[in-house]
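Working notes, structure below.
Bear in mind that the values here come from a model prediction, so they are computed numbers and not experimental data.
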Amino acid sequence: MAYFDQTARAPYATNSSFFSNLFAAVQRYRMMRKTFDELSSLSDRELNDLGIGRGDLLTIARKSAGYTS
């Protein structure tokens, strides 16, 4: 005996999660970029006062935006 399922599925359900994930990733990138740019604009002396080396800027910016590594 054959079984026919006539349940309506929303084709946009997976697309909405895709776009919301994409939007969140873009927002994280923008926050990381803004943090990096602001820290980069500081002088070496100002960074030293904060206890930050110029080589640490990307790591700090990534952590502030919520990236996990």
Side-chain angles (χ1 to χ4, degrees):
M1 178 173 188
Y3 175 75
F4 181 71
D5 184 14
Q6 201 170 0
T7 306
R9 290 183 178 87
Y12 54 85
T14 57
N15 288 341
S16 69
S17 65
F18 169 77
F19 287 114
S20 63
N21 290 340
L22 180 63
F23 180 74
V26 169
Q27 292 297 96
R28 275 193 314 272
Y29 175 78
R30 285 181 178 170
M31 179 182 285
M32 181 195 74
R33 195 67 214 174
K34 182 178 178 184
T35 304
F36 181 81
D37 290 343
E38 288 179 6
L39 289 173
S40 294
S41 69
L42 298 176
S43 69
D44 288 336
R45 182 176 179 160
E46 292 170 324
L47 288 173
N48 193 24
D49 288 343
L50 295 172
I52 299 172
R54 196 152 294 273
D56 299 329
L57 296 183
L58 186 58
T59 303
I60 292 169
R62 287 180 57 82
K63 285 182 181 178
S64 74
Y67 290 102
T68 57
S69 40

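Placement of Leu47 and Leu58 within a single hydrophobic cluster is found when ILVMFWY residues are connected by side-chain heavy-atom separations under 4.5 Å, directly or transitively. Note on Phe36 and Ile52: same hydrophobic cluster, where clusters join Ile, Leu, Val, Met, Phe, Trp and Tyr whose side-chain heavy atoms are under 4.5 Å apart, directly or indirectly. Leu50 is connected to Leu57 through a chain of hydrophobic side-chain contacts under 4.5 Å among Ile, Leu, Val, Met, Phe, Trp and Tyr, so both are in one cluster.
Here CZ of Arg62 is found 14.0 Å from CG of Asp56. Values are rounded to the nearest 0.5 Å. Atom-to-atom distance recorded for Leu22:CG and Ser17:OG is 11.0 Å, nearest 0.5 angstrom. Atom OG1 in Thr35 sits 6.5 Å away from atom CE in Met31 (nearest 0.5 Å). In this structure, the separation between NZ on Lys34 and CD on Glu38 is 5.5 Å, given to the nearest 0.5 Å.
Around the CZ atom of Arg30, the shell of radius 6.0 Å holds no more than 12 heavy atoms that belong to other residues, nucleotides or ligands.
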